[in-house]
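To keep things clear, I will list the structure first and then write my remarks on it.
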There are 2 protein chains.
Amino acid sequence: MEPLYVIKIGGNIIDDEAQLSSFLTAFAGIEGKKILVHGGGKLATKLAAQLGVEQQMIEGRRVTDVDTLRIVTMVYAGYINKNIVAHLQANQCNAIGLCGADGNILQSHKRQHATIDYGFVGDVDKVNTPVLQSLLAQQVTVVMAPITHNMEGQLLNTNADTIAQEIAQAMSALYQVHLIYSFEKAGVLLNADDDSTVIPAITQASYAQLKQQNIIFAGMIPKLDNAFAALNRGVHRVVIGKAEQLQQLIQQQSGTSIIHE
Amino acid sequence: MEPLYVIKIGGNIIDDEAQLSSFLTAFAGIEGKKILVHGGGKLATKLAAQLGVEQQMIEGRRVTDVDTLRIVTMVYAGYINKNIVAHLQANQCNAIGLCGADGNILQSHKRQHATIDYGFVGDVDKVNTPVLQSLLAQQVTVVMAPITHNMEGQLLNTNADTIAQEIAQAMSALYQVHLIYSFEKAGVLLNADDDSTVIPAITQASYAQLKQQNIIFAGMIPKLDNAFAALNRGVHRVVIGKAEQLQQLIQQQSGTSIIHE
């Protein structure tokens, strides 16, 4: 099968113009089919503060009231998404920026939770693979903002890592999918403050151990849970690593590889 | 040739949730190929005020400094565009929301003016008709936000009426294009306060007269200049009229038609 790179960019890279620009230049240079999924960085939080909209986070997820939904739709699907597209176009990469409502690419439902009301947060039900496949076949690079919809007119804020995973899984029926989570760290680290302690490979067994030893905790847990779920659903490989080493991540010379055995 | 409806929605309709919703339901019901171009309403102005970003208007054009560009990109390409798309999807209209940077659909340059610095305002150089044609052929309805780019990474704020005109003209080589400017008034009026005084048809000759008599003035002049330019460049017909009468505008039972003779 033809390779497809599904690459998530997030964290501090989005907020740093120089780093983002150099990442996008590297991304534009990747040969073959590719989809970029971006997070929101701190811009939405900053804009919410400027507008006096209080933000509540539960387990790393933003509680999304109606004002916050408006803010993240503006920042993610507007400012960040379109600036990334303009950057890629300037690098001769024919990009199209979309959210999950566009072409009904990502249909979701409002999260139901026994005790917590997350507000307008969406959990993905369905990836519209034919639309993505058709765009890729036309040599178009898709840039996805982490906003989905419920097919009833409601936009929903959706975790970008999850979107990358859902797209990677769904596209595995059609391509050999390489799912790459790129951020500001060199990978999964033994010592969170030391980039030289990157763990080159994690299996399901070593993951359980690392969690027990509290080496992997907090925000890294959903990332790795997603990674293993993706592998189990057909994704060829998952890599977590430094955005500025994108080329090496693709060539398996950097980062942490999440593998079956 | 197959008909293509290029429909501009603007003015107060965008700001009125109920009116916008009923317009979009009617729009979704139009059979055949269609492109929607939306303006920005008062949301960008309101957000700028909330953020303390001063707005300067020259001849109805927003002077776009770097903060204002950020605001219009968020509001136009983010909030408004994605809410319209979600609405249309809920009405079984397979919409994709784009700005001019996406797929390099609208390439522009920063406006050069002898005495006025409009800032990050773009004048359109090129419409990428193959991308639009390919989406339309897949039964996709394109929703365009009034943001373009210069292929060098710079987004530019661009007048939505002009975008509708440029797209209509460029697509005239491929379709029988009906360009419809829909807003809150019933058409071009003899008395601006009285919707019953709509002028059913305007020719180049009557236009000159109406301007001389000061019946047509201010914001209506660029609209009509665009309309005549579009006719002269191959557009089949141009209609200006009430958004809530969209079906009648399409059937030529309402609004002002701009015609050759």
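Residue numbering restarts at 1 for every chain, and letters A, B, ... go by the order of the sequence lines.
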### Message
To the nearest 0.5 Å, what is the distance between CD1 on I96(A) and CG on L135(B)?
### Response
6.0 Å

### Summary
Filtered by a 4.5 Å non-hydrogen cutoff, the part of residues 136-155 of chain B contacting chain A is Q138(B), H149(B), M151(B), E152(B), G153(B), L155(B)

### Task
Under 4.5 Å, counting heavy-atom pairs only, tell me which of G103(B), S134(B), S21(B) racks up the most with chain A.
G103(B)

### Task
Determine the minimum heavy-atom distance between V75(B) and M74(A), stating which atoms define it.
CG2-SD, 3.8 Å

#### Entry: chain B-proximal positions within residues 79-87 of chain A [heavy-atom distance under 4.5 Å]
Y79(A), K82(A), N83(A), V85(A), A86(A), H87(A)

#### Entry: Contact residues of residues 46-54 of chain B (partner chain A; heavy-atom separation under 4.5 angstrom)
L47(B), Q50(B), L51(B)

### Q112(A): partners by side-chain hydrogen bond (donor to acceptor under 3.5 Å, both in side chains), with sequence neighbours left out
none

### Task
Take atom NZ of K126(B) as the centre, draw a 6.0 Å sphere, and report whether it contains more than 12 heavy atoms from other residues, nucleotides or ligands.
no

### Query
Between N94(A) and chain B, which part of the residue has a heavy atom less than 4.5 Å away: side chain, backbone, both or neither?
side chain

